[in-house]
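What you see is a predicted model; the values in this text were computed from it and never measured. Hydrogens, waters and symmetry mates play no part in the numbers below; they use all other heavy atoms, side chains included. Atoms within each ligand, like the ligands themselves, are counted from 1 in listed order.
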Amino acid sequence: MYTSPTMTTPAASAQAGTNIAPIEPPEKMQAFDRVIDADGRIEPQDWMPQAYRKTLVRQISQHAHSEIVGMLPEGNWISRAPSLKRKAILLAKVQDEAGHGLYLYSAAETLGVSRDSMLDALHTGRAKYSSIFNYPTLTWADVGVIGWLVDGAAIMNQTPLCRCSYGPYARAMIRVCKEESFHQRQGYESLLVMMKEGTQAQQDMVQDAVNRWWWKCLAMFGPPDSESPNSEQGMRWGIKRISNDDLRQRFVDATIPQAAVLGVSVPDEDLKWNEERGHYDFGPIDWDEFWATVNGNGPCNKERLATRVQAWRDGQWVRDAAMASAQKKREKEQAA
Ligand code: 3HC
């Protein structure tokens with residue numbers, strides 16, 4: 001059994017304003033557990049415990065918010081890309097992120113939550129989105145480093161989500177991961193060109209960007225397993241497949257050889273191959289800085305939210321026009 005029934009009902013706990021988990025019907029709970037035990041898929045029409053639904057809404061909506069807020073740091077460079085080729089690649093990438101946001105909002109909607117309510121939570125600062133998008137993109141090299149490291153970390157974290165127990169999320173992630181691979185490759189290739197063919201100033205710019213983004217990318221995987229309140233349950237439910245710490249380690253192990261090919265170093269004096277463990281050891285992450293950023297006090301949190309809120313307001317006429325058009329179509333159909 002993955003959820004322990006307690007002594008209340010959803011209506012009673014909602015009325016009392018408590019967080020006590022609702023009682024779930026034991027036969028339904030057993031059927032659900034059997035699917036999870038067999039590594040099967042839960043689909044929107046299937047019965048599922050309230051806590052499972054709530055966890056999915058939380059994770060998928062945070063993920064969707066991360067994708068659309070994630071368009072901002074790089075979108076900032078579209079008008080300043082150094083060539084037509086780089087501009088076209090960057091445009092395609094930023095549009096992909098918008099698409100990812102849309103698939104993910106749609107996947108969350110299958111759980112019975114409205115897009116308006118998810119966006120309202122983002123716009124009022126109640127919803128989380130990835131810490132990584134609250135840092136500034138100071139130079140063109142940041143765009144390459146975001147592709148290589150941020151999208152590289154995203155692939156590491158998101159590939160296991162293609163096997164998530166909730167069908168719509170797992171299926172959305174297949175396409176997202178394919179597109180993230182292109183994002184990672186374009187970033188790495190752009191850095192490779194700067195490192196192998198660029199001037200000393202361009203090479204220094206790449207190293208500076210790596211220095212600023214490295215630790216933020218390691219923190220992006222989330223708190224250490226010992227301090228991750230959602231991991232245990234998420235893993236039992238087959239939502240999360242690999243723990244925050246294990247993904248972080250895999251990312252470091254995969255990335256250090258890539259850094260060597262590029263000819264950059266990472267800003268970690270403690271980084272060392274550990275023969276016994278078969279992994280790189282790395283230094284401590286500044287979790288105070290991570291939590292300050294997650295809680296709204298990173299360098300760009302306010303700017304990012306203000307930009308999203310403005311974009312929502314600017315798009316109001318499009319939503320109004322779409323609603324009016326749908327209404328007209330309905331009226332025509334009824335009249336016919
Ligand atoms: N930024 C902001 N909040 C974070 C975070 C991060 N990097 N890492 C963890 N947190 C939050 C969690 O959301 C959770 O908050 P909540 O309980 O209030 O919702 C809290 O910190 C504790 O963390 P847990 O480890 O217990 O939480 P999870 O088990 O949910 O794990 C996660 C966190 C690994 C981010 C997981 O939710 C996940 O895999 N999510 C899906 C992937 C995702 O959202 N990635 C975001 C980046 S998307 C992206 O990078 C776009 C691409 O185009 C680059």
Side-chain angles (χ1 to χ4, degrees), residues 19 51 54-75 92-101 103-105 107-108 121-122 125-135 143 145-164 166 169-170 172-173 175-184 186-187 213 215-248 251 285 287 289-298 301 304:
N19 282 328
K54 197 172 159 195
T55 294
L56 283 167
V57 168
R58 177 185 66 79
Q59 178 164 328
I60 302 173
S61 62
Q62 285 178 4
H63 192 167
H65 300 327
S66 303
E67 297 284 352
I68 60 162
V69 176
M71 296 164 71
L72 302 176
E74 289 176 286
K93 176 182 191 292
V94 172
Q95 282 175 357
D96 282 352
E97 309 295 3
H100 298 175
Y103 314 147
L104 290 164
Y105 284 126
L122 173 67
R126 288 178 287 121
K128 289 193 172 73
Y129 59 87
S130 184
S131 51
I132 197 74
F133 301 119
N134 291 304
Y135 298 99
V143 173
V145 168
I146 289 179
W148 173 40
L149 296 181
V150 174
D151 292 280
I155 295 169
M156 195 59 85
N157 162 269
Q158 292 174 23
T159 305
L161 294 174
C162 298
R163 293 187 293 117
C164 165
Y166 188 58
Y169 192 25
M173 291 317 298
R175 178 155 176 187
V176 169
C177 286
K178 283 186 184 159
E179 291 175 353
E180 293 295 358
S181 296
F182 151 67
H183 298 172
Q184 195 268 357
Q186 65 78 35
W213 287 92
W215 288 108
K216 322 292 184 218
C217 288
L218 296 198
M220 194 182 153
F221 290 93
D225 295 349
S226 55
E227 287 157 39
S228 160
N230 304 308
S231 276
E232 196 183 341
Q233 186 67 78
M235 290 187 70
R236 286 206 195 127
W237 274 332
I239 296 173
K240 217 167 165 169
R241 297 284 179 168
I242 304 177
S243 80
N244 298 357
D245 284 335
D246 286 350
L247 286 169
R248 195 170 3 254
F251 175 75
I285 293 170
W287 291 112
E289 202 257 339
F290 168 78
W291 286 117
T293 305
V294 171
N295 291 323
N297 299 313
N301 294 61
R304 300 284 184 248

Where's the contact between Asn244 and ligand 1, heavy-atom distance under 4.0 Å: side chain, backbone, both or neither?
side chain
Judged by non-hydrogen atoms, does Glu180 sit under 4.0 Å from ligand 1?
yes
Would you kindly specify which portion of Ile132 sits under 4.0 Å from ligand 1, judged on non-hydrogen atoms: side chain, backbone, both or neither?
neither
Does Gly234 come within less than 4.0 Å of ligand 1, judged by its heavy atoms?
no
For Ser228, take its heavy atoms, then give the atoms of ligand 1 lying under 4.0 Å from any of them.
24 (P), 25 (O), 26 (O)
Within ligand 1, which atoms have a heavy atom of Pro223 less than 4.0 Å away?
9 (C), 22 (C), 23 (O), 25 (O)
Run the contact test for Val176 against ligand 1 with a 4.0 Å cut-off on heavy atoms, strictly below, and give the result.
no
Would you mind reporting whether Asn230 and Lys240 have side-chain heavy atoms less than 4.5 Å apart?
no
Using side-chain heavy atoms (C-beta onward) and a distance below 4.5 Å, is Arg304 in contact with Tyr129?
yes
Just so I know, are the side chains of Thr293 and Tyr135 near enough to count as touching, which here means a heavy-atom distance under 4.5 Å?
yes
Has Gly70 got any heavy atom lying under 4.0 angstrom from an atom of ligand 1?
no
Is any side-chain heavy atom of Pro160 closer than 4.5 Å to a side-chain heavy atom of Met173?
no
Could you tell me whether atom 6 (C) of ligand 1 has a protein heavy atom closer than 4.0 Å?
yes
May I ask you to list the atoms of ligand 1 that are less than 4.0 angstrom from any heavy atom of Phe221?
34 (C)
Report yes if some heavy atom in the side chain of Met220 is under 4.5 Å from a heavy atom in the side chain of Leu149; otherwise report no.
no
Identify, by atom number and element, the atoms of ligand 1 in contact range of Met220, meaning under 4.0 Å from any of its heavy atoms.
7 (N), 50 (O)
Please could you name the atoms of ligand 1 that Tyr169 approaches to less than 4.0 Å, counting only its heavy atoms?
41 (C)
N/O to N/O below 3.5 Å, does that happen between Trp291 and ligand 1?
no
Could you see which bit of Tyr129 sits under 4.0 Å from ligand 1, with heavy atoms only: side chain, backbone, both or neither?
backbone
Taking the side chain as everything from C-beta on, heavy atoms only, tell me whether Tyr169 gets closer than 4.5 Å to Val176.
no
Heavy-atom nearest option to atom 11 (C) of ligand 1, drawn from His65, Gln158, His63, Lys128:
Lys128
Is the closest basic N to carboxylate O distance between Asp96 and Lys93 below 4.0 Å?
no
Purely on distance, is any nitrogen or oxygen of Ser66 under 3.5 Å from one on ligand 1?
no
Check this for me - ligand 1, Pro229, N or O atoms closer than 3.5 angstrom, yes or no?
yes
Validation row: Val150, Ser130 side chains within 4.5 angstrom (heavy atoms):
no
When you measure from the side chain of Gln186 to the backbone N and O of His183, does any donor-acceptor pair fall under 3.5 Å?
yes
So Asp225 and Ser243, side chain to side chain donor-acceptor pair (under 3.5 Å) or not? Walk me through it.
CA-CA 7 Å; Asp225 295 349; Ser243 80; 2.7 Å; yes
For ligand 1, which atoms, with element, lie under 4.0 Å from some heavy atom of Lys240?
25 (O), 28 (P), 29 (O), 31 (O)
